[in-house]
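Numbers here simply count residues along the sequence, with the first being 1. First listed ligand is number 1; within each ligand, the first listed atom is number 1.
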Amino acid sequence: MNIHEYQAKALLRDYGCPVSDGRIVLTANDAKTAAGELDGPLWVVKAQIHAGGRGKGSFKEHEAGEKGGVRLAKSVEEAADEANRMLGHTLVTHQTGPAGKQVNRIYIEDGSDITSEFYLALLVDRVTSRISIVCSTEGGMDIEEVAASTPEKILSFSIDPAVGYQGFHGRRVAFALGLEGKAVRQCSNLLGNLYRMFTDKDMEMLEINPLILTTEGEIKCLDCKAGFDSNALYRHPDIVGLRDETEEDPKELAASQHDLNYIALDGEIGCMVNGAGLAMATMDIIKLYGGEPANFLDVGGGATKEKVTEAFKIITSDDNVKGILVNIFGGIMRCDVIAEGVIAAVKEVGLQVPLVVRLEGTNVDLGKKIINESGLDVIAADNLSDGAEKIVKAVKG
Ligand code: ADP
Ligand code: MG
């Protein structure tokens, strides 16, 4: 689960990390009051969406060449004007995809005088089972370009959880960033606090880009992206309270409400499968036959008819889906339950695209019978590759 920059900065503040003073703005009327509460002389007006690259982004409603989702202002009035110009408009960045995201919240923050911009991130490294620290002197809006063309400018190392954070980790980062004087100690303290926050809150990712050195020689977190392990959210009600459902894919949201493992993808073949391994194999074989999966969906072992119905509805609500492959191996899951769920769903939402069903395992004969007698226009498949071949053919013609 991800949260907004302003929410992440409030957490950073709680953990003693240096951030600027700022105010959140939800309606146009609030903008002037919010800006007026900050000291100036420089205000930064920032669109809050769950995507990076806002500074270099552009608004769909605005003329080409107009500033993006991070704007400087020199007065309270100007800050309020910029906020109101962005509220309700659609910001497109390299991370939002061409559809962009509607801006419903604006953060107005004290402007900083920047000497240098650095990159700093903490991540869970699944290969080493440790928290990795990634840092670079080349922070700011071009970090993707740095990673692609000069990867040697990005340093990374991990912290052994048995030892935990130690001062030398922080100094290592400080020296890698070329910091001097009081900034070295500040950086070391910051890294210790970030590590504490990361582990306390079961985070997956914590990215500060840019971390800056101000003209006064202080370091400060100017942007923050924070992601949390959804499997651990049950023990963090405070974090769950920060969830902004308008930022999430509505299909993924519906799936999580019904306890389905669903991930939206870009292809045209919707998949309904039980078991993550079989779901992966199904996606692979669709690709092998020249198609592209529109989603990953594991209905799980003990799915009910209602859950299957819900899963089917989620798949068909995706306009990109040009065909559906149901691939079930009934072990704990019974094929007749799947068949009933599919039929119930089709009755409810209709079937506009070809549907290939491959059933195998527990109660397979009953499952096939239910489908055959339903009068639905279903293409039956005998095995996994037959199913994949048939659905790709049905979609591509
Ligand atoms: P994004 O990464 O989505 O583009 P950032 O918050 O990193 O958004 O802002 C982009 C750039 O805007 C930063 O690299 C920095 O140069 C500038 N910026 C952001 N916040 C401030 C601030 N409070 N004061 C001065 N400059 C800022
Ligand atoms: Mg940034």
Side-chain angles (χ1 to χ4, degrees), residues 2-13 17-25 31 34-35 37-59 62 66-76 78-79 82-83 86 89-97 100-123 134-147 153-154 177 194 205-227 244 247:
N2 296 323
I3 60 174
H4 288 292
E5 173 198 3
Y6 78 94
Q7 297 167 325
K9 283 182 168 169
L11 258 183
L12 286 174
R13 197 175 288 118
C17 305
V19 289
S20 305
D21 195 10
R23 296 287 181 279
I24 188 70
V25 174
E37 285 174 13
L38 302 174
D39 296 337
L42 187 64
W43 287 257
V44 181
V45 186
K46 310 181 78 173
Q48 300 295 292
I49 54 170
H50 286 189
R54 295 163 301 167
K56 284 193 163 176
S58 58
F59 282 89
H62 299 176
E66 184 171 330
K67 284 172 285 182
V70 178
R71 301 174 174 208
L72 301 180
K74 297 249 164 62
S75 68
V76 170
E78 199 188 329
E82 294 290 17
M86 290 194 263
H89 290 190
T90 309
L91 180 57
V92 181
T93 80
H94 64 86
Q95 287 185 11
T96 61
K101 282 197 160 171
Q102 194 182 36
V103 176
N104 301 316
R105 307 180 192 198
I106 300 278
Y107 192 48
I108 305 185
E109 182 176 79
D110 268 334
S112 295
D113 290 325
I114 304 172
T115 302
S116 327
E117 300 199 357
F118 309 117
Y119 179 92
L120 176 62
L122 279 72
L123 304 162
V134 182
C135 66
S136 174
T137 50
E138 312 299 305
M141 296 196 279
D142 294 318
I143 190 68
E144 281 88 358
E145 175 58 26
V146 176
K153 291 192 171 158
I154 298 178
L177 298 181
L194 293 177
M205 188 263 303
L206 175 56
E207 184 189 74
I208 314 287
N209 184 35
L211 171 72
I212 59 155
L213 185 66
T214 66
T215 44
E216 291 90 41
E218 314 262 344
I219 62 163
K220 197 179 253 187
C221 305
L222 229 55
D223 186 13
C224 183
K225 232 176 144 182
D244 179 357
E247 288 287 334

Asker: Kindly compute the distance separating CZ (R71) from CD1 (I106), expressed to the nearest 0.5 Å.
Answerer: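 Between R71 CZ and I106 CD1, I get 8.5 Å after rounding to 0.5 Å.
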
Asker: Among protein heavy atoms, which lies nearest atom 4 (O) of ligand 1, and at what distance?
Answerer: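 Its nearest protein heavy-atom neighbour is G55 N, 2.8 Å.
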
Asker: Between R54 (side chain only) and K46 (backbone N and O only), is there a donor and an acceptor less than 3.5 Å apart?
Answerer: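 Side chain of R54 to backbone of K46: no pair is present.
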
Asker: What protein heavy atom lies closest to atom 10 (C) of ligand 1? Include the residue and the distance to one decimal.
Answerer: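 Sorting protein heavy atoms by distance from atom 10 (C) of ligand 1 puts M141 SD, 3.7 Å first.
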
Asker: Under 4.0 Å from a heavy atom of E109: give me the atoms of ligand 1 that qualify, with their elements.
Answerer: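 Contacts of ligand 1 toward E109, numbered from 1: 20 (N), 22 (C), 23 (N).
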
Asker: How about S116 and T137: do any of their side-chain heavy atoms sit closer than 4.5 Å?
Answerer: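 No, every pair of side-chain atoms sits at 4.5 Å or beyond.
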
Asker: For E247 and K101, what are the C-alpha separation, side-chain angles and deciding distance, and is it a side chain to side chain contact (heavy atoms under 4.5 Å, CB included)?
Answerer: CA-CA 8 Å; E247 288 287 334; K101 282 197 160 171; 3.2 Å; yes

Asker: For the residue pair L177 and L211, establish whether any side-chain heavy-atom pair is separated by less than 4.5 Å.
Answerer: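 Yes, side chains in contact.
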
Asker: Exactly one of E5, R105, H4 should register a side-chain hydrogen bond (donor to acceptor under 3.5 Å, both in side chains) with Q48. Which one does?
Answerer: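 Testing each of E5, R105, H4 against Q48, the sole residue satisfying side-chain hydrogen bond (donor to acceptor under 3.5 Å, both in side chains) is E5.
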
Asker: If the cut-off is 4.0 Å to any non-hydrogen atom of V44, which atoms of ligand 1 fall inside it?
Answerer: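 Heavy-atom distances to V44 below 4.0 Å select 20 (N), 21 (C), 22 (C), 23 (N), 24 (N), 25 (C).
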
Asker: Backbone N or O of I114 within a donor-acceptor pair of the S112 side chain at under 3.5 Å?
Answerer: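 Pair absent, no side-chain N/O of S112 close to backbone of I114.
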
Asker: Report, in ascending order of atom number, the atoms of ligand 1 lying under 4.0 Å from any heavy atom of P210.
Answerer: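 Here the atoms of ligand 1 in question are 7 (O), 13 (C), 14 (O).
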
Asker: So L120 and L194, do their side chains get closer than 4.5 Å, heavy atoms only?
Answerer: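 Yes, side chains in contact.
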
Asker: Starting from atom 18 (N) of ligand 1, what is the nearest protein heavy atom, named by residue and atom, and what distance separates them?
Answerer: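 Atom 18 (N) of ligand 1 sits closest to the protein heavy atom L222 CD2, 3.9 Å.
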
Asker: Output yes when the distance from some N or O of ligand 1 to some N or O of G53 is under 3.5 Å, and no in every other case.
Answerer: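 Yes, since at least one N or O of G53 sits under 3.5 Å from an N or O of ligand 1.
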
Asker: Identify the closest protein heavy atom to atom 19 (C) of ligand 1: which residue and atom is it, and at what distance?
Answerer: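 Checked against all protein heavy atoms, atom 19 (C) of ligand 1 sits closest to K46 NZ, 3.6 Å.
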
Asker: Close to the Mg ion (ligand 2), meaning under 2.8 Å, how many protein N, O or S atoms are there?
Answerer: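 That number is 2, waters not included.
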
Asker: Could you tell me whether the side chain of F59 reaches within less than 4.5 Å of the side chain of E66, counting heavy atoms only?
Answerer: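 Side-chain contact under 4.5 Å: no.
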
Asker: Going through the distances and angles, do D223 and V70 end up as a side chain to side chain contact (heavy atoms under 4.5 Å, CB included)?
Answerer: CA-CA 11 Å; D223 186 13; V70 178; over 6 Å; no

Asker: Among the heavy atoms of D110, does any lie under 4.0 Å from an atom of ligand 1?
Answerer: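 Yes; D110 lies near enough to ligand 1 that a heavy-atom distance drops under 4.0 Å.
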
Asker: Would you check if the side chain of Q95 reaches a backbone N or O of G52 as a donor-acceptor pair within less than 3.5 Å?
Answerer: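 Judged by distance alone, yes, a pair lies under 3.5 Å.
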
Asker: Any nitrogen or oxygen of E5 lying under 3.5 Å from a nitrogen or oxygen in ligand 1? Just yes or no.
Answerer: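 The answer is no, given that E5 and ligand 1 share no N or O pair closer than 3.5 Å.
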
Asker: Looking only at protein heavy atoms, identify the closest one to atom 15 (C) of ligand 1 and say how far it is in Å.
Answerer: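 Sorting protein heavy atoms by distance from atom 15 (C) of ligand 1 puts E117 OE2, 3.3 Å first.
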
Asker: Do the side chain of K9 and the main chain of L222 share a donor and acceptor less than 3.5 angstrom apart?
Answerer: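 Here the side-chain-to-backbone pair exists.
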
Asker: So is there a nitrogen or oxygen of D223 less than 3.5 Å from a nitrogen or oxygen in ligand 1?
Answerer: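 Checking ligand 1 against D223, an N or O pair does fall under 3.5 Å apart.
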
Asker: Which residue supplies the protein heavy atom nearest to atom 1 (P) of ligand 1, what is that atom called, and how far is it?
Answerer: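 Here the closest protein heavy atom is R54 N, 3.6 Å.
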
Asker: Which ligand 1 atoms are under 4.0 Å away from a heavy-atom of G111?
Answerer: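 The atoms of ligand 1 under 4.0 Å from a heavy atom of G111 are 24 (N).
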
Asker: Examine G52 against ligand 1 and note whether any of their N/O atoms are separated by less than 3.5 Å.
Answerer: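 Among all N and O atoms of G52, none is under 3.5 Å from an N or O of ligand 1.
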
Asker: For atom 26 (N) of ligand 1, grab the closest protein heavy atom and report residue, atom and distance to one decimal in Å.
Answerer: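 In this structure, atom 26 (N) of ligand 1 has I114 CD1, 3.6 Å as its nearest protein heavy atom.
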
Asker: Show, in sequence, the C-alpha distance, side-chain angles and deciding distance for I208 and L12, and conclude whether the side chain to side chain contact (heavy atoms under 4.5 Å, CB included) test is met.
Answerer: CA-CA 10 Å; I208 314 287; L12 286 174; 4.0 Å; yes

Asker: Can an N or O of N209 be found at a distance shorter than 3.5 Å from an N or O of ligand 1?
Answerer: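 In this structure, N209 places an N or O atom under 3.5 Å from an N or O of ligand 1.
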
Asker: Take atom NZ in K153; do more than 12 heavy atoms of anything else shown fall under 6.0 Å from it?
Answerer: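 No, NZ of K153 has 12 or fewer neighbouring heavy atoms, counting only those of other groups under 6.0 Å.
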
Asker: Would you mind checking which non-hydrogen protein atom is closest to atom 24 (N) of ligand 1, with the distance to 0.1 Å?
Answerer: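 Sorting protein heavy atoms by distance from atom 24 (N) of ligand 1 puts S112 N, 2.9 Å first.
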
Asker: Looking at CG of D110 and CH2 of W43, how far apart are the two atoms once the value is rounded to the nearest 0.5 Å?
Answerer: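 It comes to 8.5 Å.
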
